[in-house]
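A short worksheet on the structure shown next.
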2 protein chains.
Amino acid sequence: MSLKIALLGILDLAPMTGYDLKKSIEASVAHFWSADQSQIYRTLAALVSDGLADVEVIPQEGRPDRREHHITSAGRTALGDWLRAPLEPETSHDAFLMRLFFVGTLGVPATRALLRARRGQATAMLAALRSVAEQEQAHREPDDRAPDDLGRRLRFATLRNGILHAEAELAWLVETKEALG
Amino acid sequence: MSLKIALLGILDLAPMTGYDLKKSIEASVAHFWSADQSQIYRTLAALVSDGLADVEVIPQEGRPDRREHHITSAGRTALGDWLRAPLEPETSHDAFLMRLFFVGTLGVPATRALLRARRGQATAMLAALRSVAEQEQAHREPDDRAPDDLGRRLRFATLRNGILHAEAELAWLVETKEALG
DNA sequence: TGTTTATATTGGATCACACCTATATAGGTT
DNA sequence: AACCTATATAGGTGTGATCCAATATAAACA
């Protein structure tokens, strides 16, 4: 469901091929969503068969034709409806916490190893997010008087969300290591 | 994969039926994992066919026989291997951030509504986790001299993880609301 | 008396997604 | 000469999960 939102949301900004969408996702929403290339094409086909997008075929030579997908007005309506729909109750599935919950039987050293690995992950994540956030900031010229538009602020907010959670994870790791004595 | 770990991890504590496992999951790991009842039975069947668990049928009257599942030694080995395996790189899929990323086109009021809904969710989550954590604490009698064993600390740590993340989410919401001006 | 809850298992349908492969060509790299 | 990357699409297969429904009985509740 969310991948449909992602595709419609991106197509709402500009018409694109599946290939473009894949790159666009990697460049913009990768920090909270990832999508397999074949899944993108299948979902895109579903959008078309639901009338939420349509295809403009642009012939090319030497490679397959560009199948440029455009959001339809039904698609814009569906996107709006999805965005306004009540938040679904979230069912978290955290494989790391699962491990931690049961790793006790293996003893303290195995537990420490797991926490160390997690710290590595969280640190890398934090660094990656910070570097993307800095680039975002840098794109805004110092003398840029353009109104800092809502979309831009929200894109930045999703990055900040990841950063704050990564920091919380690291703080929790410190606390937890201490609790192991 | 993680559901297999969960089932083996719980079966390692005590033999159980699928029905028991469902309740056990709800009572112990629900804050980071949920599982559909039919999925539990199917996964349990997979464990048996892989030789990681076996079944003791205990006849009953008036209801289906108890099919009590016991972890095998191969199961204990597999559990240990899984717990020690390198952490898989996590691909986060966050539907809320997806919405937020695209909700800008609907304007500021819709954005605020989304953030409000999220605050409600996060507040409820935090309250629920805190109450479970307090119960966990209360179970430990004030004069309890028993060593605070590793498993217990780790179960508590998974709760603390949820609490810290919920707090981070609320802090992020405050920051984000301010950024909307 | 009728409904709900608890116990216990199982199957079908469907969804979302990941991993791998195939196709086709141009251009650049080793 | 052999390989990799970019462009562009698409199918096969498997896994994990959700939702829904059926079966069967006893006890508790309204």
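So you know, we letter chains A, B, ... as the sequences are listed, proteins then strands, and number each from 1.
Base engagement by A:Ser38 is indicated by at least one non-hydrogen atom pair under 4.0 Å involving a base atom. Within the nucleic acid shown, A:Lys4 has no heavy atom closer than 4.0 Å to any nucleic acid atom. In this structure, A:Lys22 reaches neither bases nor backbone, as no heavy-atom distance under 4.0 Å exists between it and the strands shown.
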Between the protein and nucleotides 24-29 of chain D, which nitrogen or oxygen pairs come in under 3.5 angstrom?
{"from": "D:dT25", "atom 1": "O4'", "to": "B:Gly62", "atom 2": "O", "distance (Å)": "2.6"}

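Side-chain rings of A:Phe101 and B:Phe32 approach one another, their centers coming within less than 6.0 Å.
Along DNA chain D, the nucleotide closest to A:His69 and the one closest to B:Thr43 are compared, and the more 5′ of them pairs with A:His69. Across the interface with DNA chain D, nearest-nucleotide mapping of A:Arg42 and A:Asp20 shows A:Asp20 to be the residue nearer the 5′ end.
The aromatic rings of A:His93 and B:Trp33 lie parallel to each other, their planes meeting at an angle below 30°, with 60° marking the opposite boundary. Between B:Phe96 and B:Trp172, the ring-plane angle classifies as perpendicular under the 30° and 60° cut-offs.
Reading DNA chain C from its 5' end, the first and the last nucleotide to sit under 4.0 Å from a heavy atom of chain A are C:dA16 to C:dT25.
A side-chain donor-acceptor contact under 3.5 Å links A:Lys22 to the backbone of A:Ala35. Between the B:Asp50 side chain and the B:Leu52 main chain, no donor and acceptor come within less than 3.5 Å of each other.
Every residue was checked against the side chain to side chain contact (heavy atoms under 4.5 Å, CB included) condition with A:Leu13, not counting sequence neighbours, and none meets it. Residues that satisfy the salt bridge (Lys or Arg N to Asp or Glu O under 4.0 Å) test with A:Glu90, not counting sequence neighbours, are B:Arg118.
Of the candidates A:His70, A:Arg67, A:His69, A:Arg66, A:His70 is the only one forming a side-chain hydrogen bond (donor to acceptor under 3.5 Å, both in side chains) with A:Glu56.
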Go through B:Arg130 and B:Glu134 one step at a time and tell me if the salt bridge (charged side-chain N to carboxylate O under 4.0 Å, His left out) criterion holds.
CA-CA 6 Å; B:Arg130 279 186 176 149; B:Glu134 274 163 34; over 6 Å; no
Side-chain donor-acceptor distances from residues 105-113 of chain A under 3.5 Å, at least two apart:
{"from": "A:Thr105", "atom 1": "OG1", "to": "A:Phe102", "atom 2": "O", "distance (Å)": "3.3"}
{"from": "A:Thr111", "atom 1": "OG1", "to": "A:Gly107", "atom 2": "O", "distance (Å)": "2.8"}
{"from": "A:Arg112", "atom 1": "NH2", "to": "A:Gly181", "atom 2": "O", "distance (Å)": "3.0"}

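A salt bridge does not link A:Arg160 with A:Glu167: none of the charged nitrogens is closer than 4.0 Å to a carboxylate oxygen.
D:dT15 atom P lies 16 Å from atom CG of A:Asp36, rounded to whole Å. Between the CD atom of B:Gln39 and the P atom of D:dC19 there is a distance of 12 Å, given to the nearest Å. If you take CD of B:Gln37 and C1' of D:dA21, they are 10 Å apart, rounded to a whole angstrom.
Of the residues in residues 81-100 of chain B, those placing a heavy atom less than 4.0 Å from an atom of DNA chain C are B:His93, in numerical order.
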